[in-house]
Amino acid sequence: SAAENPTATSQANEAARIRAGIRDGSLTRREAAGLEAEQRRIQQLESRAKADGHISRSEHDQIRRAQQNASRHIYQERHDSERRGWRRWW
């Protein structure tokens with residue numbers, strides 16, 4: 001469950017933010033693809049960490065840092081000047 005696995009909650013929130021960016025045009029397809037790939041890498045990090053049945057403190061910290069970086073990247077990409085589709089500037 002999400003309460004037992006804050007990583008899953010974080011991943012779900014980031015996926016929702018990426019989808020919202022695609023919907024509102026604040027993310028280009030290329031930006032969205034890059035952000036989704038970053039989410040997959042975080043998932044792989046977590047899967048490797050869980051492989052031995054225990055996530056160590058250093059593994060936990062590494063996953064957390066990756067999530068924080070991904071969150072910042074989503075914010076940056078959604079707030080840069082690149083837009084999907086044609087928009088008038090005037």
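This chain uses plain numbering: 1 for the first residue, then up along the sequence.
- E46 pairs with exactly one of K50, Q44, R48 by the side-chain contact (heavy atoms from CB on, under 4.5 Å) rule, that one being K50.
- Every side-chain hydrogen bond (donor to acceptor under 3.5 Å, both in side chains) that N69 has, sequence neighbours left out, goes to R72.
- We find that D61 and R65 are not joined by a salt bridge, their nearest charged nitrogen and carboxylate oxygen being 4.0 Å or further apart.
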### Query
Could you go step by step and tell me if R17 and S71 meet the side chain to side chain contact (heavy atoms under 4.5 Å, CB included) rule?
CA-CA 9 Å; R17 290 173 61 204; S71 179; 2.9 Å; yes
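- With respect to R40 and E36, no salt bridge is recorded, no charged nitrogen being found less than 4.0 Å from a carboxylate O.
- Evaluation of the side-chain hydrogen bond (donor to acceptor under 3.5 Å, both in side chains) rule for Q39 yields Q11 as partners, not counting sequence neighbours.
- For S10 and R64, the side-chain atoms include no donor-acceptor pair closer than 3.5 Å.
- Atom CD1 of I42 is separated from atom CD of Q67 by 5.5 Å, given to the nearest 0.5 angstrom.
- Closest approach of E31 and E77 over heavy atoms only: OE2-OE1, 2.8 Å.
- With sequence neighbours left out, the ring pair (Phe, Tyr, Trp, His ring centres under 6.0 Å) criterion links H79 to Y75.
- Annotation: side-chain hydrogen bond (donor to acceptor under 3.5 Å, both in side chains) contacts of S56 (sequence neighbours excluded): S58, E59.
- Looking at residues two or more places apart in sequence or on another chain, you find a side-chain contact (heavy atoms from CB on, under 4.5 Å) between A16 and R19.
- Summarising the hydrophobic clusters (Ile, Leu, Val, Met, Phe, Trp, Tyr; side-chain heavy atoms under 4.5 Å, direct or chained), the residues clustered with I55 are none.
- Residues I63 and H60 are not in side-chain contact: their nearest non-hydrogen atoms beyond the backbone lie 4.5 Å or more apart.
- Using a 4.5 Å heavy-atom threshold, the side chains of I18 and R78 count as separate.
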